[in-house]
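One structure below.
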Amino acid sequence: YLGLVVAGVAMTQAKPVAVAAPAAPSAADDDTSDLEDEPPLAVQSVQEFYETEQETDQVLNNEHAGPSFFQQLRAKAEHLSKASAKRLPSLASTISFAGLRSVQPGYSTPKASYRSAGIGALFVLFLIGGGGFWIHSVRTKQAEQKLWTAIYEQAVDGKNKAEAALVYGDEDRARGQYTYALNQLKQLDQETPDRAQARSSLEQELTEIRNRLRRESVVAKPTIIKDFGETLESRGVAVSSGKAYVLHPAANSISVVQLSDSSVTTIAGPEDTRLVAIGAGRTTPIFVGENKGFFTIQGDKLTALAATVSKATSIGALTTYGQRVYTVDPSQGMIWRWNASATALNGETAYVKTPNPDLGQATTIAIDSSVYVGTSAGKVIKLLSGKTENWNLATVDPELRSVTSLWTDAETPLLVIADAENKRLLVFKKDGSLLQQISSPDFKGPTHAWVDPASNTLYALDGSRLLSVPLPRE
């Protein structure tokens with residue numbers, strides 16, 4: 001408003017008043033009888049002062065002489081006094097912007113007027129622009145807060161639905177709602193203290209749901225049964241009759257660990273080939289060499305099993321179930337089966353009727369009444385009578401990316417997986433649901449796992465160490 005007033009006042013000055021130069025005094029100036037016919041007060045005043053100034057100059061310069069000088073000066077003074085007395089009431093009318101312009105010629109010029117008007121206009125524009133910016137900022141903040149609140153409420157809704165699904169045992173739905181809520185949470189900023197506090201509280205609640213979904217059990221200090229040293233590569237373990245058999249491919253040897261006292265006996269590998277894999281046997285583990293030869297342990301010695309391998313082109317993993325030995329052939333995407341006796345393997349036949357591409361990534365195999373094959377892609381394939389079943393493990397967090405070892409047998413309802421990448425051991429039920437994932441700050445990356453059902457103990461090969469942890473009960 002101040003800007004508008006200044007601009008209005010300035011515009012009244014836009015047209016300057018032309019003031020005539022004062023004229024020389026005349027005889028008519030002496031006549032003060034008729035004031036209505038006189039020029040404006042400002043002009044008369046200027047003219048009279050001009051005359052007085054001229055006369056005074058003449059007196060000072062001795063331009064007038066004679067005895068009539070003082071009489072003339074007195075008469076002029078009386079004349080001015082009378083005129084001023086009569087015009088004094090109208091003098092107030094001159095005290096205005098217009099009057100000042102008439103009294104003082106050149107008081108306002110077009111340039112000054114336009115400058116004043118421009119300043120006023122700029123001030124108005126500043127007020128309008130500043131007010132508009134302020135209103136826009138307020139509305140923007142209100143819209144941002146409204147959006148933030150909407151996303152927050154969606155995250156809370158997902159969290160509530162996840163908790164409800166857990167109550168009813170629907171973990172798949174709970175996991176989906178948890179993921180949805182977590183994605184919404186990631187969109188929430190923490191620009192204000194209230195936002196930061198609300199986000200932090202919600203994040204803590206989602207973490208609790210995550211822990212329930214993960215079913216994580218942390219073992220602070222797993223039992224170290226034996227440390228073979230970093231220089232001795234260890235790959236594969238099997239437990240039988242109170243002993244743990246650990247394969248060392250690089251050294252081409254087997255360590256037999258007495259679980260009761262951790263004492264170790266070393267058995268040398270065959271001279272003509274290097275042992276590369278270990279699996280469950282009938283009474284003791286069974287081994288395979290690079291030349292696809294089979295071996296077992298009898299007493300304290302490694303003994304070769306008579307076998308003719310004519311169809312399998314590779315043996316990536318093996319196990320025994322009943323009177324048969326099963327081997328995985330990744331190069332052909334096949335599983336082969338042999339009849340086993342104490343001294344030989346015979347009758348090599350295909351367990352799967354057609355090659356399965358997923359078996360090309362096979363790393364491990366375990367059998368109960370079904371065959372389970374783990375892959376390097378983090379997948380477990382279940383087969384029955386040579387056909388792949390529609391079966392999958394439950395999703396775990398973090399995601400299972402690689403299966404380095406798989407264990408089960410016909411006497412247990414559990415399926416145990418070693419996940420070296422995520423430094424954990426996963427225990428599933430055979431319906432595919434997760435029972436527990438076991439982690440430890442002491443784990444380096446378990447590569448192989450084996451269970452002793454009699455003692456309810458889970459053994460794991462973790463780097464160069466043989467560890468044991470309690471097996472969770474169903």
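Counted by atom type alone, Gln437 and Arg424 present one or more donor-acceptor pairs between their side chains at under 3.5 Å. Checking Glu216 against Ser439 by side-chain atom types alone, a donor-acceptor pair falls below 3.5 Å. With no hydrogens or angles considered, a side-chain donor-acceptor pair links Gln332 and Thr313 at under 3.5 Å. In the model, Thr296 has a side-chain atom that pairs as donor or acceptor with a side-chain atom of Thr284 under 3.5 Å. Of the N and O atoms on the side chains of Asp419 and Asn422, at least one donor lies less than 3.5 Å from an acceptor on the other residue. Counting only N and O atoms by type, the side chains of Asp442 and Ser440 include no donor and acceptor under 3.5 Å apart. Side-chain contact annotation: Ser341 with Asn339, donor-acceptor N/O pair under 3.5 Å absent. In this model, a donor atom of one side chain and an acceptor atom of the other lie less than 3.5 Å apart for Ser263 and Asp261.
Between Gly463 and Ser234, the closest heavy-atom pair is O-CB, 4.0 Å. The two residues Thr388 and Leu383 have their closest heavy-atom pair at OG1-CD2, 3.8 Å. Nearest heavy-atom pair, Val469 versus Ile438, reported as atom, atom and distance to 0.1 Å: CG2-CD1, 4.4 Å. What you find for Ala317 and Thr364 is that their closest heavy atoms are CB-CA, 3.7 Å. In terms of heavy-atom proximity, Val237 sits nearest to His448 at CG1-CB, 3.9 Å. Minimum interatomic distance between Asp329 and Ala312 (heavy atoms only, all atoms of both residues): OD2-CA, 3.6 Å.
Rounding to the nearest 0.5 angstrom, the gap separating the OH atom in Tyr178 from the CZ atom in Arg175 is 10.0 Å. Separating the CD atom in Gln187 from the CD1 atom in Ile151 is a distance of 4.5 Å, to the nearest 0.5 Å. Here the OG1 atom belonging to Thr303 is positioned 11.0 Å from the CZ atom belonging to Phe287, to the nearest 0.5 angstrom. The structure places CG of Leu259 at 7.5 Å from CG of Asp452, a figure rounded to the nearest 0.5 Å. To the nearest 0.5 Å, atom OG1 of residue Thr319 and atom CD1 of residue Ile286 are 9.0 Å apart. Distance check, rounded to the nearest 0.5 Å: CG of Leu359 to CD1 of Ile365 gives 8.5 Å.
Legend: salt bridge (charged side-chain N to carboxylate O under 4.0 Å, His left out) pairs involving residues 378-389, not counting sequence neighbours, sorted by first then second residue: Asp358-Lys379, Lys382-Glu389.
Around the CD atom of Gln145, the shell of radius 6.0 Å holds more than 12 heavy atoms that belong to other residues, nucleotides or ligands. The environment of Lys159 atom NZ is dense: over 12 non-hydrogen atoms of other residues, nucleotides or ligands sit within 6.0 angstrom. Within 6.0 Å of NZ on Lys423 lie no more than 12 heavy atoms contributed by other residues, nucleotides or ligands.
Proximity of Val257 to Lys243: side-chain heavy atoms (C-beta onward) are nowhere separated by under 4.5 Å. Within the 4.5 Å cutoff, the side chain of Asp368 has no heavy atoms near those of the Glu411 side chain. Looking only at side-chain heavy atoms (C-beta outward), Val373 and Ile335 come within less than 4.5 Å of each other. Contact of the Leu166 side chain with the Ile209 side chain is registered, since non-hydrogen atoms from C-beta on lie closer than 4.5 Å. Ser137 places none of its side-chain heavy atoms less than 4.5 Å from the side chain of Thr140. Residues Leu461 and Val246 are in side-chain contact: their nearest non-hydrogen atoms beyond the backbone lie under 4.5 Å apart. Side chains of Leu414 and Phe428 form no contact here, defined as non-hydrogen atoms less than 4.5 Å apart. Side-chain contact check for Leu415 versus Leu393: some heavy-atom pair is nearer than 4.5 Å.
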Apply the test salt bridge (Lys or Arg N to Asp or Glu O under 4.0 Å) to residues Glu163 and Lys161: give CA-CA distance (whole Å), side-chain angles for both, the deciding distance (0.1 Å), then the verdict.
-> CA-CA 5 Å; Glu163 290 177 334; Lys161 289 179 178 178; over 6 Å; no

Stepwise side-chain contact (heavy atoms from CB on, under 4.5 Å) check, Tyr152 with Leu185 = CA-CA 7 Å; Tyr152 175 79; Leu185 178 72; over 6 Å; no

Under the side-chain contact (heavy atoms from CB on, under 4.5 Å) criterion, do Leu458 and Trp407 qualify, and how do the steps go?
-> CA-CA 10 Å; Leu458 195 164; Trp407 177 91; over 6 Å; no

Intermediate values then yes/no, salt bridge (Lys or Arg N to Asp or Glu O under 4.0 Å), Glu203 and Arg199 = CA-CA 6 Å; Glu203 188 173 15; Arg199 190 185 189 281; 3.6 Å; yes

In sequence, state the C-alpha distance, the side-chain angles, and the governing distance for Thr308 and Leu345, and then conclude on side-chain contact (heavy atoms from CB on, under 4.5 Å).
-> CA-CA 8 Å; Thr308 301; Leu345 300 180; over 6 Å; no

Begin with the C-alpha distance, continue with both residues' side-chain angles, and end with the deciding distance and a verdict on side-chain contact (heavy atoms from CB on, under 4.5 Å) for Phe228 and Glu233.
-> CA-CA 8 Å; Phe228 301 102; Glu233 178 194 11; over 6 Å; no

When you look at Asp194 and Thr192, which way does the side chain to side chain donor-acceptor pair (under 3.5 Å) test go after all the steps?
-> CA-CA 5 Å; Asp194 290 341; Thr192 67; 5.5 Å; no

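Looking only at distances, a side-chain donor or acceptor of Thr457 sits under 3.5 Å from a matching main-chain atom of Ser455. No side-chain donor-acceptor contact under 3.5 Å links Gln154 to the backbone of Ala181. Side chain of Asp409 to main chain of Ile367: no donor-acceptor pair is present (N/O by atom type, distance under 3.5 Å, no hydrogens or angles). Listed for the Thr363 side chain is a donor-acceptor partner under 3.5 Å among the backbone atoms of Val403. Using a distance-only test at 3.5 Å, with no hydrogens or angles considered, a donor-acceptor pair links the side chain of Asp462 to the main chain of Gly445. Side chain of Tyr245 to main chain of Ile254: no donor-acceptor pair is present (N/O by atom type, distance under 3.5 Å, no hydrogens or angles). The backbone N or O of Ala449 sits less than 3.5 Å from a side-chain atom of Ser405, completing a donor-acceptor pair. Side chain of Arg465 to backbone of Asp227: no donor-acceptor contact under 3.5 angstrom is found. Using modelled atom types, one side-chain atom of Asn183 and one backbone atom of Thr179 make a donor-acceptor pair closer than 3.5 Å. Within the 3.5 Å criterion, the main-chain N or O of Gly378 finds no donor-acceptor partner in the side chain of Ser402.
Trp391 and Tyr372 have their aromatic ring centers within a separation under 6.0 angstrom. Remark: aromatic rings of Tyr351 and Tyr326 are close, center separation under 6.0 Å. For Trp338 and Phe294, the ring centers are positioned less than 6.0 Å apart.
With salt bridges taken as basic N to acidic carboxylate O contacts below 4.0 Å, none links Glu348 and Lys311. Using a 4.0 Å cut-off between a side-chain N of Lys or Arg and a carboxylate O of Asp or Glu, Glu171 and Arg215 qualify as a salt bridge.
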